[in-house]
Amino acid sequence: METETATRWLNDAEQCTWRTHLDVSRLLTHQLEKDLQPFGLTMNDYEILVNLSESEDRRMRMSDLAGATLQSKSRLSHQITRMESAGLVRRENCESDRRGLYAVLTEDGAETMRRVAPHHVASVRRHFVDLLSTEALAELRAALTPVAEHLRGQR
C-alpha cells in the first residue's frame, strides 16, 4: 500500500515570491522579444546566434545546439531552416559522423550579431540589470544558482 504524503502548500510569502518570479520571467521575455522585433529576430534566433558566435569555429553540432537552447531536435531543425533562408546560418555535414550535422554561423549571421548585440544588451540593462543594485544582483545570482544547478541536473 502506498503511503500518501501531505501536499506542502505554499505559504503566502512563498506564493507571492513564486508568482512574482513567473511575472518577471514572462514580462521580461516578452519585452526582450519585442525589442528584437525591429531586427527581424526572435529570442530563439538570438539565442542560437549567441551560441554559434561563442563556439569554436562558429559552429555546433545540431544535437548540442538543441541541448544548449532547450529545443527539441525537430523544433531546432525548423528554426535553422528559417534562419538559413534569412542567410544567418548554414548546415554542414559532420565529417566524423555521416548522420551528424553542424549549424554554422555565416558572415551575415556574424554581422547581424555585431549589429544587434549592443541593442539587446541595452534592452537587458534597461529592463533588468539597471533596475537592481549591485548587491541585489549578487543576491539574486546567489539565490538562483542552486535552482539552475538543480534543473540542469534534471536534463
E84: what forms a side chain to side chain donor-acceptor pair (under 3.5 Å) with it, not counting sequence neighbours?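 Result, side chain to side chain donor-acceptor pair (under 3.5 Å) vs E84: R91.
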[atom1] ([X]) with more than 12 external heavy atoms under 6.0 Å:
| X | atom1 | result |
| --- | --- | --- |
| R82 | CZ | yes |
| Q154 | CD | yes |
| H119 | NE2 | yes |
| R8 | CZ | no |

Do D23 and T20 have side-chain N/O donor and acceptor atoms under 3.5 Å apart?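 Absent: no donor and acceptor within the cut-off.
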Would Q31 and D35 count as having a side-chain donor-acceptor pair, cut-off 3.5 Å?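 Short answer, yes.
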Going hydrophobic residue to hydrophobic residue with side-chain gaps under 4.5 angstrom, can you get from [X] over to [Y]?
| X | Y | result |
| --- | --- | --- |
| L10 | L22 | yes |
| M43 | L27 | no |
| L132 | V124 | yes |
| F39 | I48 | yes |

Are the charged groups of [X] and [Y] less than 4.0 angstrom apart, N to O?
| X | Y | result |
| --- | --- | --- |
| R152 | E149 | no |
| R141 | E139 | no |
| E107 | R58 | yes |

Calculate, to the nearest 0.5 Å, the distance between atoms [atom1] and [atom2] belonging to [X] and [Y] respectively.
| X | Y | atom1 | atom2 | result |
| --- | --- | --- | --- | --- |
| S53 | R114 | OG | CZ | 10.0 Å |
| M83 | L88 | CE | CG | 5.0 Å |
| H78 | Q71 | NE2 | CD | 11.0 Å |
| L76 | L70 | CG | CG | 11.5 Å |
| S123 | K34 | OG | NZ | 10.0 Å |
| E92 | L101 | CD | CG | 10.0 Å |

Polar side-chain atom of [X] near backbone of [Y] as donor-acceptor pair, under 3.5 Å:
| X | Y | value |
| --- | --- | --- |
| T29 | R26 | no |
| T112 | D108 | yes |
| D130 | R126 | no |

Using side-chain heavy atoms (C-beta onward) and a distance below 4.5 Å, is [X] in contact with [Y]?
| X | Y | result |
| --- | --- | --- |
| L41 | L49 | yes |
| V89 | V104 | no |
| M113 | V50 | yes |
| N51 | M60 | yes |
| L105 | R59 | no |
| L36 | L32 | no |
| T69 | N44 | no |
| L65 | L52 | yes |

Do any pairs count as a ring-ring contact (aromatic ring centres under 6.0 Å, His included) and have a residue in residues 126-155, sequence neighbours left out, and if so which ones?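 Sorted result for residues 126-155: empty, none.
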Worked verdict on T134 versus L137 for side-chain contact (heavy atoms from CB on, under 4.5 Å): CA-CA 5 Å; T134 303; L137 285 170; 5.7 Å; no
